[in-house]
Amino acid sequence: MHNTILITGGTGYIGSHTAVELMLQGHRVVIMDNLCNSSAQVLGRLRQLCGDRFDFVQADVRNAAALDAVFTSYPIDGVIHFAGLKAVGESVAQPLRYFDNNLGSTTALLLAMAKAGVHRLVFSSSATVYGDPDQVPITEQARLQVTSPYGRTKLVCEEILRDLMAAGAHWQIAILRYFNPVGAHPSGLIGEAPNGVPNNLMPYIAQVAVGQREYLSIFGQDYPTPDGTGVRDYIHVVDLAQGHLAALDYLAREGQSITVNLGTGRGISVREMMETFSRVNHVHIAHRYTDRRPGDVAACWADTTLARERLGWQAQLGVERMCEDTWRWQSRNPRGYSDSA
Ligand code: NAD
Ligand code: UFG
């Protein structure tokens with residue numbers, strides 16, 4: 001069945017890829033974004049990929065009137081809530097901004113949904129809610145603990161959603177805990193375009209490869225991991241996007257809520273990622289080993305059993321595709337969306 005899905009934060013990195021997968025499956029999409037961390041150029045790219053199967057509303061999700069207008073103008077069947085600020089370091093420096101934006105947008109959205117009688121929601125959470133895990137792979141039952149204001153916004157939003165689930169069976173909510181999203185759409189038309197110096201590994205590698213950064217700093221080589229560098233569960237953004245469709249299907253089919261990890265279940269080290277990027281794309285990645293980055297954990301990867309069993313979803317794309325697709329995007333759009341007309 002074809003639905004109309006509201007995507008908050010839909011011009012952002014994960015939201016834009018999810019919009020494409022939804023539209024390719026025949027759904028209509030309404031994107032609501034205030035463009036605080038994304039470019040309006042994304043809209044032209046989405047049109048190139050999917051035609052006119054979407055509408056765009058430029059507004060802040062904390063704006064109740066704008067939300068009400070969306071719910072009265074469109075027959076929304078479900079919502080995917082990506083909108084939020086996501087930089088861990090920035091959240092330490094500006095905690096109030098993070099609480100205001102991430103908690104405020106979530107409560108405003110939930111109020112508008114309740115008012116409109118729309119109770120189906122997919123929420124972007126993060127493996128950050130597991131903090132420094134006691135063991136890997138991490139199951140959904142692992143202890144929750146956070147180490148940054150950003151992480152706290154995700155945990156508090158999850159708790160708000162659990163309170164709603166407890167209050168009324170009519171809410172159908174999927175809390176998706178993403179591990180490390182990387183890669184880009186294979187068309188090379190959309191991808192990750194961070195502002196300023198990237199915090200994350202993959203965009204940093206890509207910017208070194210394209211000549212925008214001199215070298216990659218590898219943060220620590222003395223972790224208790226096979227090659228001493230940090231290990232993460234990197235997941236291709238197209239797989240992640242498809243996980244959202246599987247979650248929406250689950251909610252419609254089962255009529256009940258779920259909290260689930262979205263990862264590949266495989267840990268990749270910083271060195272392995274850098275070497276794979278270099279090998280498959282035939283580019284040199286200049287690098288230096290530096291001290292550990294404060295707050296980093298040694299290793300973090302997902303137990304993906306629940307996603308496989310309940311959503312019938314598992315990641316298909318391996319580390320080579322993550323590197324190839326990142327490079328196609330980066331080499332064709334060296335300065336992200338600012339190059340495009
Ligand atoms: P992104 O910054 O590319 O996208 C977020 C979008 O939300 C941006 O387009 C931004 O303009 C918009 N936005 C932010 N606040 C808004 C507001 N108040 N009103 C309207 N629009 C607003 O980030 P992303 O990587 O696509 O992440 C999407 C979601 O997934 C976020 O909630 C993030 O916390 C979560 N997440 C991301 C990662 C990751 O590594 N990328 C990992 C785990 C969870
Ligand atoms: N790393 C480097 N050099 C860099 C950047 C990263 O060596 O320039 C290393 C890190 O030390 C880590 C690995 O690459 O070992 C991955 O780092 P990222 O910053 O890409 O990702 P993190 O796992 O640290 O952070 C991500 C999200 C956060 C989220 C966190 C926990 O970006 O939002 O996962 O889920 F909070």
Side-chain angles (χ1 to χ4, degrees), residues 6-18 31-42 56-70 79-113 121-132 144-164 173 175-181 192-204 207 219 237 293-297 336-338:
L6 170 61
I7 306 186
T8 73
T11 48
Y13 172 45
I14 306 170
S16 57
H17 288 80
T18 304
I31 291 175
M32 185 175 189
D33 201 302
N34 63 1
L35 302 178
C36 71
N37 196 40
S38 53
S39 164
Q41 307 285 355
V42 172
F56 175 59
V57 178
Q58 184 174 346
D60 194 301
V61 181
R62 288 166 295 181
N63 180 338
L67 276 172
D68 289 344
V70 166
V79 180
I80 310 182
H81 181 36
F82 292 105
L85 301 174
K86 61 165 183 177
V88 174
E90 188 181 70
S91 80
V92 175
Q94 304 173 28
L96 256 185
R97 190 172 152 235
Y98 272 68
F99 297 138
D100 182 22
N101 195 77
N102 293 5
L103 303 182
S105 64
T106 301
T107 51
L109 175 65
L110 291 168
L111 282 166
M113 289 176 68
L121 173 71
V122 177
F123 175 71
S124 297
S125 190
S126 165
T128 197
V129 298
Y130 297 121
D132 193 352
L144 302 182
Q145 43 158 358
V146 293
T147 54
S148 71
Y150 165 69
R152 195 172 315 285
T153 68
K154 290 297 173 193
L155 185 55
V156 171
C157 284
E158 283 202 5
E159 285 168 348
I160 290 169
L161 296 174
R162 281 190 275 279
D163 285 345
L164 282 193
I173 300 173
I175 295 175
L176 305 183
R177 294 179 178 151
Y178 313 154
F179 279 67
N180 290 57
E192 187 172 14
N195 285 322
V197 182
N199 296 309
N200 297 118
L201 178 65
M202 193 63 134
Y204 208 104
Q207 291 196 6
F219 300 142
V237 66
R293 183 170 64 178
D296 272 358
V297 303
Y337 293 103
S338 56

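- Using a 4.5 Å cut-off on side-chain heavy atoms (C-beta onward), Phe82 and Ile7 make contact.
- Rounding to the nearest 0.5 Å places CD of Gln58 at 4.0 Å from CG of Leu35.
- Residues Cys157 and Ile175 have side chains not in contact (no heavy-atom distance under 4.5 Å, counting atoms from C-beta outward).
- With rounding to the nearest 0.5 angstrom, the CZ atom of Arg62 is 11.5 Å from the CG atom of Leu67.
- Of the inter-residue distances, the one linking Ser125 atom OG with Leu176 atom CG reads 8.5 Å to the nearest 0.5 angstrom.
- For the residue pair Leu155 and Val129, the shortest heavy atom distance occurs at N-CG1, 4.0 Å.
- Counting all heavy atoms, side chain and backbone alike, Gln145 lies closest to Asp132 at NE2-O, 2.7 Å.
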Check: Run the side chain to side chain contact (heavy atoms under 4.5 Å, CB included) check on Cys36 and Asp60 step by step: do they pass?
Finding: CA-CA 9 Å; Cys36 71; Asp60 194 301; over 6 Å; no
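- In this structure, Val61 and Asn34 have side chains that are not in contact, with every pair of non-hydrogen atoms separated by 4.5 Å or more.
- In this structure the side chain of Glu192 never reaches within 4.5 angstrom of the side chain of Pro181, judged on heavy atoms.
- With sequence neighbours left out, Tyr98 forms a ring pair (Phe, Tyr, Trp, His ring centres under 6.0 Å) with no residue at all.
- By the 4.5 Å heavy-atom criterion applied to side chains, Lys86 and Ile14 are not counted as neighbours.
- Between Tyr13 and Asn37 the shortest side-chain heavy-atom distance does not fall below 4.5 Å.
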Check: Does the side chain to side chain contact (heavy atoms under 4.5 Å, CB included) test come out yes or no for Val197 and Tyr204, once each step is laid out?
Finding: CA-CA 8 Å; Val197 182; Tyr204 208 104; 3.8 Å; yes
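- Between Leu110 and Leu121, some side-chain heavy-atom pair lies under the 4.5 Å cut-off.
- Taking the ring pair (Phe, Tyr, Trp, His ring centres under 6.0 Å) definition, one finds that Phe56 meets it with nothing, sequence neighbours left out.
- Distance check: Met32 CE to Leu109 CG gives 8.5 Å after rounding to the nearest 0.5 Å.
- Of all the heavy atoms in Leu103 and Thr153, the pair that sits closest is CD2-O, 3.7 Å.
- Salt-bridge check for Lys154 with Glu158: failed, with every basic side-chain N at 4.0 Å or more from each acidic carboxylate O.
- With sequence neighbours left out, the side chain to side chain donor-acceptor pair (under 3.5 Å) criterion links Thr11 to Asp33, Ser38.
- The two residues Asn63 and Ala66 have their closest heavy-atom pair at OD1-N, 3.0 Å.
- In terms of heavy atoms, Asn101 sits closest to Gly84 at ND2-CA, 3.7 Å.
- Here the CG-CZ distance, from Leu85 to Arg97, works out to 5.0 Å after rounding to the nearest 0.5 Å.
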Next item on the list: Apply side chain to side chain contact (heavy atoms under 4.5 Å, CB included) to the pair Val297 and Tyr130, showing each step before the final yes or no.
Entry: CA-CA 11 Å; Val297 303; Tyr130 297 121; over 6 Å; no
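- Minimum heavy-atom separation, Asn199 to Ala87: ND2-CB, 4.0 Å.
- With hydrogens and angles disregarded, no donor-acceptor distance shorter than 3.5 Å links the side chain of Thr128 to the backbone of Gly151.
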Next item on the list: Apply side chain to side chain contact (heavy atoms under 4.5 Å, CB included) to Ser91 and Arg152, showing your working.
Entry: CA-CA 10 Å; Ser91 80; Arg152 195 172 315 285; over 6 Å; no
